[in-house]
Structures are given as structure tokens and as C-alpha cells.
2 protein chains.
Amino acid sequence: METPYTDRYICIMKFTPRSEETRQFIIESTAAVFNTKGYAGTSLSDLTEATQLTKGSIYGNFENKEEVALAVFDYTIAHRDKIIAKAQQKSVTNKDKLLAYVAIFGSEHSGDFIKGGCPLLNAGTEADDTFEPLRKKVNKAIIDWKKEIESILQAGIAAKEFNKNILPEKTALSIMALIEGGILLSKTTNKPAYLNTVLDSVKDMIDAISRE
Amino acid sequence: METPYTDRYICIMKFTPRSEETRQFIIESTAAVFNTKGYAGTSLSDLTEATQLTKGSIYGNFENKEEVALAVFDYTIAHRDKIIAKAQQKSVTNKDKLLAYVAIFGSEHSGDFIKGGCPLLNAGTEADDTFEPLRKKVNKAIIDWKKEIESILQAGIAAKEFNKNILPEKTALSIMALIEGGILLSKTTNKPAYLNTVLDSVKDMIDAISRE
DNA sequence: AATGTTATATACCAATCGGTATATGAATGT
DNA sequence: ACATTCATATACCGATTGGTATATAACATT
């Protein structure tokens, strides 16, 4: 006699333990810690302090510190994606979609993101030589972002918003570099204005590729 | 009866111990470690391993790990400054001086720098929230670099190499952001070509401000 | 109400952390 | 040749690291 459950259903049961909320709680309450102190700089006691849980509770939901860090990075990127999507859904033209980046990353919106600055910058610089699984995740996030900008540029070319001679990859990479570099300069000098100045160059770049 | 030594001479003796070479040796042999693993990620045993010296020897020349890290950062920046100065001394025009940056930071010259990538990027991202003395040093290095580029731009305006309407601060910050952002993108994706593409945008920017 | 299950907490572990007190050995001055 | 100075090495320290085995308590099932 067959069971009424499909394999798939059983699978879902198996991976939906009651502690799923706790897992999420741990991720959300430690995201800011990892993003400010970095992976190496964040200790287990930082995690117990931030969550007010015990080590046993954390290790009941994660295999080790590394798994927490990786899950936290996913969460931080998802959070970032939401902010971007929300800002862009108001945009009608492709140019507006690009300009949404300028608006989002401006210093006055810094409070919207997880504390500690851009996770691409933070995790990227730390992971590139020392934490390959995280580096791979950052790599994917960067490639995804690049593709998204390139899509906007190509759609804009098709819609005759942008000059057809522009190079989408080069433009996308340059916009991304300006934003990330601008964040670095403003954070380390404690001068939010520096980021806004660099973002103004991004705006110039967007204007320059727009058909006149 | 007076001693034949002046106060100044005595002072020099006092601060020129035999171990000055060892101190320098420690700095030079641990620079790459700090630049790749970061401050939090570098342990005392990393330092003894890199130097093949003992803990006692290191602590005989530095007060603590922090002092080693700060001295290493100074050394790394000095090394960077030398590379830049050397590349620029061949330049005759101010435009060439700016283009020297494009050449230096190109992927084919990455071997010239201390291993681990740009110290401004590495130390900057780690220090901004957790290591104020280092953050101050990174801050100074960034401000100095900014001033240097601004000087070149202003000299170029005076020499009628650059358009007189350009904004030196904005241009300097944007060039710096492109370079640092480009390094981040290429390092985390393992695609050196990304940096070269972004550097090409720097070149475009330099061409754009040049008088035609 | 009793039982089995599962999530969290407690208590403990070896290893490593940054750092120091002391011993040793090499060069220097007399 | 001897004493002194000074740099490096040895040996040790308490605290903290990441991690685990076990106990406990909450929940669900019957």
C-alpha cells in the first residue's frame, strides 16, 4: 500500500524543523556583526552576545561558524536586492533604473542597508585570499549585479534611450567600480560627501550614454 | 668637564639600536601576510612563521601585534608610493602623470606590489569600524593620494593641458574610486580583465578632460 | 498522562590566542 | 680578559578560541 505522501512532501517535512525560526533569528541578529567585524574578527562569543543564545543553540542550527557566515552573507545580499528592486520598481525608463542606483547608494540612504557598509566590499576584500566559499558567493553576487546592469543597458539601447555604440560590459563594470570605490573612500575617510561626489560621476556617465 | 657629545647625538644613539635591521626585517617579511589575511586574521604564530623568529624577538622590537600591523601598513604604503613615483618620473606632461596610474594598476603590473592586493582597499575595509589607529593611517594615505591627483589636475589646467572647467576634487575622487573599485571587482571574481576594462574608463575620463 | 522527539542550555575540551618573565648568548667597551 | 649591554630565544601565563558531549526542558503524539 502506498503512502499518501510524495517524496517531495517528505523532503519538505524533513528540512522544515521547528527551529527554522531560530536559524533565521540567528542570521538576522548576527548580520550586522559579521558585516562590521568581518569573518575572522567575529567570534562565537560575539554570536552568543548578539543573539542572547548559547553556543549549543547556535551549533544546533549551524554546523560551524563558517556556515553561519555564509548564511548571513546570503541574507545580507537578499536584503540588498530587495532595496534595489524596491527602488527600481518605481522607475519607468531604463535610464531611471540606472539612476535608482545613484539614489540608493547616496549617503542619505545608508541607513537602509545592514550596518557596516557594502557586503560586497566587506566580504569581497576579506574573502578573496582566505575564505574561498565566501569568495564564490561574492563572485556570484557581483556577476549577478553586472548582468542586471548590462540587461538594463541593452534594454535601453533597444528602446533608443541609450546610444547604440556604448559598451554594456565596460559601462556596467565602471558604474559598479565607481559605487564600490566611492563607498570605500567615504567610509575610511569618514566623509559621506565623497561618496555623493563619486555618485555624481555615475550620473554624468549615465547622462553621457543617453541619446541627446 | 663637558662631554664631547651634544644632546642630539646622544638622542640618535638612543634610538638607533642594533636591532633596527631586525625590526625592518620583521616588517618586510610579514607585510604580505597582513595584506592577505588582514589584521584580525593574522596571528602571532603567523608572524613567527613568516620571520622564522621567536615571539620574544618580535616583542623585543614591537610593543604588540597592533604596532607591527601599523608599521607594516606604513611600509606597504611607502612601497606603493615608490612604484608610483618611479612610474611618474618618466612622465613629462600632467596628462602622462595621470595615465601613469592606468599603467601601474594594470593587471600586468600586479606583481610589483606587495602580495594581497591594494592595501588601501584591504586595510581600509577592515579598519573602518574596528581598528581606529589603522583607519587613521588609511585615511591619511587616501587624502594624500587625492591631493596628489588634484595637484596634477591643477598643474595641468595651468599648463592648458586640461579643460579649465573641470572639477579637480570630483575628478580625483572618481579616478580613485574607479581604480579601487576595479581592483575589488577583479580580485573577488578572479578576472584581471575587469580591472583593465575599468582602467580603460579612467583613460577615457582623462581624455575627456584634456583640451582638444 | 505517559512517551518520544526535538530544540536549547550547561559544562567541558584541547588548542591557540596575545603577551610576559626570564634565561641565554653574542657583541661592545674597558 | 672581563664586565656590561643588548638582542634574541625559551618557557610559561591566563584568557579566549572554535567546537562537542551531555543534560534539560519544551513540545508533539498517542
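Keep in mind that the numbers below use all heavy atoms, side chains included, and drop hydrogens, waters and symmetry copies. Proteins get letters first, then strands, A, B, ... in listed order; numbering begins at 1 in each.
Rounding to whole angstrom units, CG of residue B/Leu47 and P of C/dC17 are separated by 10 Å. Summarising the geometry, the separation between NZ on B/Lys55 and P on C/dT16 is reported as 11 Å, rounded to the nearest angstrom. Protein atom CG of B/Leu44 is 5 Å distant from nucleotide atom P of C/dG18, rounded to whole Å. Whole-Å rounding puts the A/Ile58 CD1 to C/dA9 P distance at 9 Å. Atom C1' of nucleotide D/dC6 and atom CD of B/Glu20 are separated by 15 Å, given to the nearest angstrom. Put simply, OH on B/Tyr59 is 13 Å from C1' on D/dC13, counting in whole angstrom units. The separation between A/Lys37 atom NZ and D/dT16 atom P is 13 Å, rounded to whole Å. The CD atom of A/Glu67 sits 16 Å away from the P atom of D/dG18 (whole-angstrom rounding).
Considering only residues two or more places apart in sequence or on other chains, A/Asn139 meets the side-chain hydrogen bond (donor to acceptor under 3.5 Å, both in side chains) condition with none of them.
Residue B/Asn61 places its side chain closer to D/dT8 than to any other of D/dT8, C/dA9, D/dC12. In the set C/dG19, C/dT10, D/dT10, C/dG19 carries the atom at the smallest distance from any side-chain atom of B/Lys65. Proximity note for B/Thr22 (side chain, C-beta onward) versus D/dT8, C/dT8, C/dG18: the nearest is D/dT8. Closest approach to the A/Ser57 side chain among C/dT8, C/dC12, C/dG18 is made by C/dT8 (side chain taken as heavy atoms from C-beta onward).
B/Asp204 and B/Ser201 share no side-chain donor-acceptor pair at under 3.5 Å. In this structure, a donor-acceptor pair under 3.5 Å is absent between the side chains of A/Tyr59 and A/Glu67. In this model, no donor atom of one side chain and acceptor atom of the other lie less than 3.5 Å apart for A/Gln24 and A/Glu20.
Within 4.0 Å of B/Thr54, counting heavy atoms only, lies at least one base atom of the nucleic acid. Nucleic acid contact for B/Thr51: none, since no nucleic acid atom lies under 4.0 Å from a heavy atom of the residue. Residue B/Thr48 is out of contact with every strand shown, counting any heavy-atom pair closer than 4.0 Å.
Taking side-chain N and O atoms only, A/Ser45 has a distance below 4.0 Å to OP1 or OP2 of D/dT17.
The cationic atom of A/Lys65 (NZ for Lys, CZ for Arg) lies less than 6.0 Å from the six-membered ring centre of A/Tyr39 and within 45° of the ring axis.
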